[in-house]
Amino acid sequence: MTNISQPLIEWYSRNKRDLPWRETKKPYNIWVSEIILQQTRVNQGIDYYYRFIKKYPDLKSLASTHIDELLKVWQGLGYYSRARNMHHTAQYLVNKNKGVFYSNYDDLIKLKGIGDYTASAIASISFNQATPVLDGNVYRVIARVYGIAESTQVKSGINKFKEILNKLIAHKNPGDFNQAIMEFGALQCVPKNPDCENCIIKSVCFAYNKGLISDLPVKKQKVKQKVRYFNYLHIIYNDNTFIEKRTEKDIWNSLYQFPLIETKKEYSLIELQKNKDWLQIFETLNLNIEKEVFTKKHILSHQVLVACFYKIRIIQTTDFLINNYQSIPLAKLDIYSIPRLIEEYLEHINK
DNA sequence: GAACCGTGGGC
DNA sequence: TGCCCAAGGTT
């Protein structure tokens with residue numbers, strides 16, 4: 001087995017991008033960057049990293065913030081459990097570890113929101129531990145170079161990749177090796193149409209020499225998307241509107257939204273007005289519903305939301321609204337963390 | 001271990 | 001347009 005460690009580290013030193021989290025090895029900063037970058041492209045994460053570090057420069061400041069304020073910083077990034085877990089972990093470390101970050105893989109992986117990848121990344125970059133990372137980039141590079149057709153969706157596959165990585169990782173600078181192979185996967189050994197002719201390790205690459213670049217790595221089976229129908233009620237009462245915090249074990253947990261009526265199929269306004277949830281909310285109120293509605297097909301990783309927004313003016317409120325929703329001034333809406341879908345609705349009506 | 005959790009860019 | 005997929009983790 002040809003060891004590609006040294007060529008990759010040299011390639012990295014010449015080609016690495018200038019990224020803000022590469023200016024430090026402080027475990028807090030590395031942690032923040034690694035969580036932000038989970039399933040997220042670098043370009044999407046950079047601004048979030050700057051804002052996050054500026055507002056929360058250390059564990060203490062993060063631990064003492066309110067989760068709603070943190071989620072507002074996270075708004076638009078997706079996978080909001082990442083922010084909730086970070087908040088929990090910051091408070092845990094401040095309360096139980098004097099605000100000092102854990103400094104080795106075995107301790108790091110015990111923390112909420114930190115799995116094998118993130119524990120390995122922090123341990124190697126911040127503490128020089130030889131713990132190889134296995135992310136989507138590494139999976140692709142190793143599968144192609146060494147011709148591994150096993151999937152990381154099963155434990156045996158993960159072990160196979162880890163075994164190879166443990167032989168490759170540079171013990172002198174494991175953090176550089178980990179970042180090098182990830183950067184190589186992100187810039188050179190890309191998923192589609194990689195520029196193999198200009199690759200420094202093409203001569204030892206199994207997939208290149210066998211013409212199997214498009215067959216490796218073995219692709220994950222894609223999940224089918226469930227379709228849901230969301231009818232949002234943007235209710236205006238004087239200068240107030242009604243919102244609620246999502247608390248179910250579902251999408252957008254802990255984010256805010258307008259009163260929602262979810263239906264089994266697409267409903268017209270006429271049909272919706274006969275719905276029992278609608279009748280419960282409005283009782284026998286006189287409604288002034290604006291003609292223009294906003295519709296959007298919102299795509300999530302596992303769901304398609306067919307959304308319809310109605311702007312409804314009322315001159316009198318109902319017990320149900322008061323008891324089940326927060327009434328807030330219209331102008332205060334933007335301090336709450338809301339899903340991208342609702343943000344798009346607000347952008348639409350404010351045009 | 002399969003299902004679930006967001007969003008946006010590229011083609 | 002629809003599909004892929006991106007520095008994953010939890011349940």
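In what follows, chains are A, B, ... by sequence order, proteins preceding strands, each numbered from 1. Atoms considered below: every heavy atom in the structure, side chains included; atoms not considered: hydrogens, waters and symmetry mates.
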inquiry  = Using a 4.0 Å heavy-atom cut-off to protein, can you give one letter per nucleotide of nucleotides 1-11 of chain B, 5' to 3': B if the base is in contact, S if only the sugar-phosphate is, - if neither?
reply    = ---BBBBBB--
ask   = Mind checking the C1' distance from C/dA6 to B/dG6? Whole angstroms is fine.
value = 12 Å
key: Value in whole Å for how far the P atom of C/dA7 lies from CG of A/Asp176   = 18 Å
key: Euclidean distance for C1', B/dG8 against C/dT1 (whole angstrom)   = 16 Å
inquiry  = Does A/Asn43 reach a base, just sugar-phosphate, or nothing at all? Heavy atoms under 4.0 Å.
reply    = nothing
ask   = Is the side chain of A/Gln257 donor-acceptor paired with the backbone N or O of A/Ile338 at a distance under 3.5 Å, no angle test?
value = no
ask   = Parallel, tilted or perpendicular: which describes the rings of A/Phe309 and A/Phe294, with under 30° parallel and over 60° perpendicular?
value = tilted
key: Position toward the 5' end of DNA chain C (nearest nucleotide), A/Gln225 or A/Met182   = A/Gln225
Touch class at under 4.0 angstrom, heavy-atom based, for A/Lys112 against every strand present = sugar-phosphate
query = With ring centroids as reference points, do A/Tyr336 and A/Tyr256 lie under 6.0 angstrom apart?
reply = yes
query = Considering only the C1' atoms, how many Å lie between B/dG1 and C/dT10, rounded to the nearest integer?
reply = 12 Å
For atom CG of A/Leu37 and atom C1' of C/dA6, their distance in whole Å = 9 Å
Nearest-Å distance for atom pair CG/C1', residues A/Asn137 and C/dG8 = 12 Å
Between B/dG9 and C/dG9 - P atom distance, rounded Å = 24 Å
query = Just how far, in rounded Å, is C1' of C/dG2 from NZ of A/Lys297?
reply = 9 Å
ask   = Near A/Gln316 CD, under 6.0 Å, is it more than 12 heavy atoms from other residues, nucleotides or ligands?
value = no
note = Heavy-atom nearest nucleotide on DNA chain C taken for A/Val42 and for A/Ile109; more 5' hit belongs to A/Val42
task = Check the side chains of A/Asn159 and A/Ser156 for a donor-acceptor pair under 3.5 angstrom, ignoring hydrogens and angles.
result = no
request  = Could you tell me if the ring centre of A/Tyr267 sits under 6.0 Å from that of A/Tyr229?
outcome  = no
ask   = Can you tell me how far P of C/dA7 sits from CG of A/Asn178, to the nearest Å?
value = 14 Å
ask   = A/Trp21 near the nucleic acid: base, sugar-phosphate alone, or nothing, with a heavy-atom cut-off under 4.0 Å?
value = base
query = Separation of A/Tyr48 atom OH from C/dA6 atom C1', in whole Å?
reply = 15 Å
ask   = C/dA6 C1' sits how many Å from A/Tyr139 OH, rounded?
value = 15 Å
remark   = For A/Arg140 and A/Gly185 the tightest heavy-atom approach is NH2-O, 2.8 Å
query = Mind checking whether A/His88 and A/Tyr92 have parallel, tilted or perpendicular rings, split at 30° and 60°?
reply = parallel
note = A/Leu108 CG to C/dG9 C1', in whole Å, measures 15 Å
ask   = Looking across every strand, which nucleic acid part, if any, lies under 4.0 Å from A/Thr118 by heavy atom: base, sugar-phosphate, or nothing?
value = sugar-phosphate
